[in-house]
Structure formats: structure tokens, C-alpha cells
Protein chains: 2
Amino acid sequence: MFSKACEYAIRSTIYIAEQSNLDKRVSITDIAKAIDSPEAFTAKILQQLSKNQIIDSIKGPNGGFSIEKKNMRNLKLSQIVLAIDGDSIYKGCGLGFKECSEKQPCPVHNKFKIVRDELKYMLENTTILELSLGLKEGLTFLHR
Amino acid sequence: MFSKACEYAIRSTIYIAEQSNLDKRVSITDIAKAIDSPEAFTAKILQQLSKNQIIDSIKGPNGGFSIEKKNMRNLKLSQIVLAIDGDSIYKGCGLGFKECSEKQPCPVHNKFKIVRDELKYMLENTTILELSLGLKEGLTFLHR
DNA sequence: ATAATAAAAGATAATTTTATCTTTTATTTA
DNA sequence: TAAATAAAAGATAAAATTATCTTTTATTAT
């Protein structure tokens with residue numbers, strides 16, 4: 001569905017949100033351990049998230065990553081996916097045709113449209129806040 | 001969504017079905033031209049489809065690929081996806097956790113379940129026959 | 001100011017996926 | 001039976017993705 005990079009991006013963001021709700025800033029090392037991901041690779045992805053203003057980053061002692069509480073409920077999964085994997089999951093043809101469109105649809109166009117729209121709706125209406133609350137309440141997990 | 005290999009597999013199968021409906025066997029070269037794909041790579045994928053008995057293959061003069069008419073209406077998109085990409089699209093966790101399950105769900109588990117079930121239903125209920133008919137009737141296209 | 005901390009940036013490496021090329025095997029036609 | 005045809009199988013190569021390592025920059029505390 002998504003690239004590994006995007007999976008790690010989503011995991012990271014949810015974890016950072018959870019910790020930011022406890023007013024804790026987290027380091028790359030913390031994050032990689034918490035979400036069970038390769039640290040250096042995760043660092044690269046955090047850079048992208050920071051550049052896209054999805055997370056905040058502070059250098060130096062007591063530095064680390066965070067998300068402002070007031071932004072969490074407006075931050076949607078779709079923004080992370082767009083920043084890391086681009087818009088191909090929304091706009092791309094199911095069979096990979098660049099020329100595929102409503103006017104000139106590929107054989108699976110209309111079948112896929114239903115699923116893609118459902119996915120799009122879900123990503124655009126799921127907030128990082130609600131996902132981090134599930135974690136906090138012990139209903140969901142970010143590791144084994 | 002799917003790998004390139006799987007995209008080419010689906011395109012190929014639909015094209016072979018369309019031609020088989022006209023009682024025409026098609027060569028690798030025909031297929032690659034018709035679906036706009038790299039020929040040698042497509043050949044490899046056709047081998048897999050043949051091994052999985054999704055398509056029939058005959059060597060030598062007047063050989064090529066085909067699908068028996070009586071099998072077309074029972075052949076589902078899901079069978080092609082399973083043969084080429086495996087079951088990760090159905091069973092895999094949206095965040096890539098191996099340990100994710102109903103009992104120990106990741107934060108997006110239930111959100112993704114809805115979308116994944118919709119996709120699964122679509123793939124398991126869309127036949128190659130119906131997709132090839134859309135092509136035949138000029139309603140859909142496999143090229144620019 | 002200096003040392004310590006932590007992320008950013010840049011370079012490099014490993015792995016996987018995509019793609020190609022060559023040789024072999026099966027089948028048909030002359 | 002020999003030549004031609006077409007897919008199968010095997011080896012190799014290119015590109016993209018995933019992953020790691022090193023150096024630089026910014027910030028804080030001493």
C-alpha cells in the first residue's frame with residue numbers, strides 16, 4: 001500500500017503526538033526504539049516531515065521532535081502520505097497508465113475508483129490526535 | 001497499490017482474454033505492444049501466470065498465450081494479484097507490523113480494515129471476462 | 001568561550017524491484 | 001528429419017528503495 005518510508009513516517013508521527021500530549025520531546029533514538037524502525041533511515045524521514053512542517057524539530061540538548069497540541073486535531077494521515085509518497089495513491093491509475101482518465105479509462109478504472117475514494121476519505125478524515133489517543137488508552141500498539 | 005509486475009500481469013490477462021474471445025492466440029510481442037509494457041519483463045510475468053494456471057501457453061509456431069472461454073467468467077482479479085504480489089495486500093498491516101492483529105491492533109488497523117475489505121471484495125468479485133468485454137466494446141482502453 | 005548534545009546534510013552501501021539478454025526446450029511445418 | 005517458431009529457463013544489468021555512516025550546523029549548559 002505505502003512505502004516503508006511512509007509506514008515509518010506514520011508510526012513516527014503517531015508516537016511523537018502521543019509523547020507531545022505528555023509534553024515530552026523525543027529524540028531520533030527514542031522514536032526508532034518505540035516504533036521498531038532502523039534509526040538512521042528514520043532520521044531521514046523525520047527530516048522530510050520536519051521540512052513539510054508536519055512535525056517540529058529542535059537541535060541541541062533537550063532538543064528532539066514534537067507536535068504542537070493545537071495542531072494535532074487538524075493533522076490528517078493524508079498530509080503524511082502526501083509528503084512522503086506523493087499523490088499517486090489518489091491520482092494514479094490502478095494499472096499504472098499515465099493516460100488513464102475518466103474520458104479514457106483503463107479496464108479497472110471504475111472498479112478502483114470506489115476503493116481509492118474510500119481510502120482517500122479515510123486518510124483525509126483520520127487525525128493524528130485520535131490515533132495517538134488509542135495508543136495512550138492502550139487500545140492500539142506500535143510494537144510487538 | 002500493486003507492483004509493476006502485477007500491473008503488467010493484470011493488463012496482460014485482460015488483453016489475452018479479449019483476444020481469446022476472438023479465438024486468437026497472442027505472442028509475447030503482441031502482448032507487450034498491446035499493453036505498452038517492456039517485452040522481456042512481461043515474458044517473465046507471463047511465465048508466472050502460466051505456472052499458476054491463470055493463462056495457457058503453447059510453444060512453437062502458432063503458439064502463444066490464451067485463456068479458455070469457459071474459465072474467463074470464473075477468473076477473478078484476486079487470483080492474479082495473489083499469484084504475483086502474494087497476500088500482503090489482504091493480510092498485511094497498513095503500517096507494516098508483522099505482529100499486528102485484531103487482538104493487538106496497530107493504530108490504523110481498524111481504519112484500514114474497512115478499505116482493505118472493500119478492495120478484497122472488489123478483487124474477488126471482478127472477473128476477467130467483464131473487464132475484457134469493456135475493452136471489446138470500446139468503453140475502456142489498454143494504451144494511450 | 002568551550003564542551004556536550006542532537007538534528008541536518010551529505011556520501012555511500014545493501015537490497016529489492018524492474019528490466020534485458022542469452023541459451024534451452026517444445027512444437028510445427030516444410 | 002531439418003529448419004523455423006515461440007515460450008521457458010537462466011544469467012546479468014539497471015534503477016529504485018531501503019538503510020547506514022560521516023561530517024556539519026545549531027543549541028544549550030558549564
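Letters A, B, ... are given to chains in the order of the sequence lines, protein chains preceding strands, and every chain is numbered from 1. Excluded from the calculations below are hydrogen atoms, water molecules and symmetry mates; all remaining heavy atoms, backbone and side chain alike, are included. What you are looking at is a predicted structure, and each value in this text was computed from that prediction instead of being measured.
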**Q** Kindly say whether B:A9 contributes a backbone atom to a donor-acceptor pair with the side chain of B:T13 at under 3.5 angstrom?
**A** yes
**Q** Compare side-chain N and O positions of A:S50 against OP1 and OP2 of C:dA8 and report whether any pair is under 4.0 Å apart.
**A** yes
**Q** Can you measure B:K4 atom NZ to C:dT20 atom C1' for me and round it to whole angstrom units?
**A** 17 Å
**Q** Are more than 12 heavy atoms from other residues, nucleotides or ligands located less than 6.0 Å from atom NZ of B:K136?
**A** no
**Q** Please give, in whole Å, the distance from D:dT18 P to A:E39 CD?
**A** 19 Å
**Q** Below 3.5 Å between N/O atoms, which protein atoms pair up with nucleotides 10-16 of chain C? Just atom names and distances, please.
**A**
| unit_1 | atom_1 | unit_2 | atom_2 | d |
| --- | --- | --- | --- | --- |
| C:dG10 | N7 | A:K44 | NZ | 2.7 |
| C:dG10 | O6 | A:K44 | NZ | 3.1 |

**Q** Quick check on the hydrophobic clustering: are B:I67 and B:I58 connected, directly or via other members, by side-chain heavy-atom contacts under 4.5 Å?
**A** no
**Q** Using whole Å, what does the distance between atom C1' of nucleotide C:dA8 and atom CD1 of A:I28 come to?
**A** 9 Å
**Q** Write down the distance between CG (A:L49) and C1' (C:dA9), rounded to a whole number of angstrom.
**A** 16 Å
**Q** When you check the phosphate oxygens OP1 and OP2 of D:dT27, does a side-chain N or O of A:N62 lie under 4.0 Å from one of them?
**A** no
**Q** Is there a donor-acceptor pair closer than 3.5 Å between any side-chain N or O of B:N125 and the backbone N or O of B:Y121?
**A** yes
**Q** May I have the distance from A:I55 (atom CD1) to C:dA6 (atom P), rounded to whole angstrom?
**A** 16 Å
**Q** What is the distance, to the nearest angstrom, from the CD atom on B:Q48 to the C1' atom on C:dA19?
**A** 14 Å
**Q** Between C:dT17 atom C1' and B:D85 atom CG, what is the distance in whole Å?
**A** 11 Å
**Q** Under 4.0 Å, heavy atoms only, any strand: does A:S3 hit a base, just the sugar-phosphate, or nothing?
**A** sugar-phosphate
**Q** Could you walk me through whether A:H109 and A:Q104 pass side chain to side chain donor-acceptor pair (under 3.5 Å), step by step?
**A** CA-CA 9 Å; A:H109 186 89; A:Q104 183 149 326; over 6 Å; no
**Q** Tell me which of A:P61 and A:F2 sits closer to the 5' end of DNA chain D, going by the nucleotide each one is nearest to.
**A** A:F2
**Q** In whole angstrom, give the distance that lies between atom CZ of B:F41 and atom C1' of D:dA16.
**A** 13 Å
**Q** D:dA6 phosphate, OP1 or OP2: any side-chain N/O from B:S57 under 4.0 angstrom?
**A** no
**Q** Would you kindly confirm whether B:L123 and B:L82 end up in one hydrophobic cluster when ILVMFWY residues are joined by side chain heavy atoms under 4.5 Å apart?
**A** no
**Q** Hey, does A:I58 reach any base, or is it just sugar-phosphate, or nothing, if we go heavy atoms under 4.0 Å?
**A** sugar-phosphate
**Q** Taking the minimum atom-to-atom distance to the side chain of B:Y8, which one of C:dT18, C:dA19, C:dA8 wins?
**A** C:dA19
**Q** Let's test your reading of the model: under 3.5 Å, does the base of D:dT25 pair with the side chain of A:K59 as donor and acceptor?
**A** yes
**Q** Indicate whether any N or O donor in one side chain lies under 3.5 Å from an N or O acceptor in the other, for B:E99 and A:H143.
**A** no
**Q** So, does the side chain of B:Q47 form a donor-acceptor pair with the base of D:dA9 at under 3.5 Å?
**A** yes
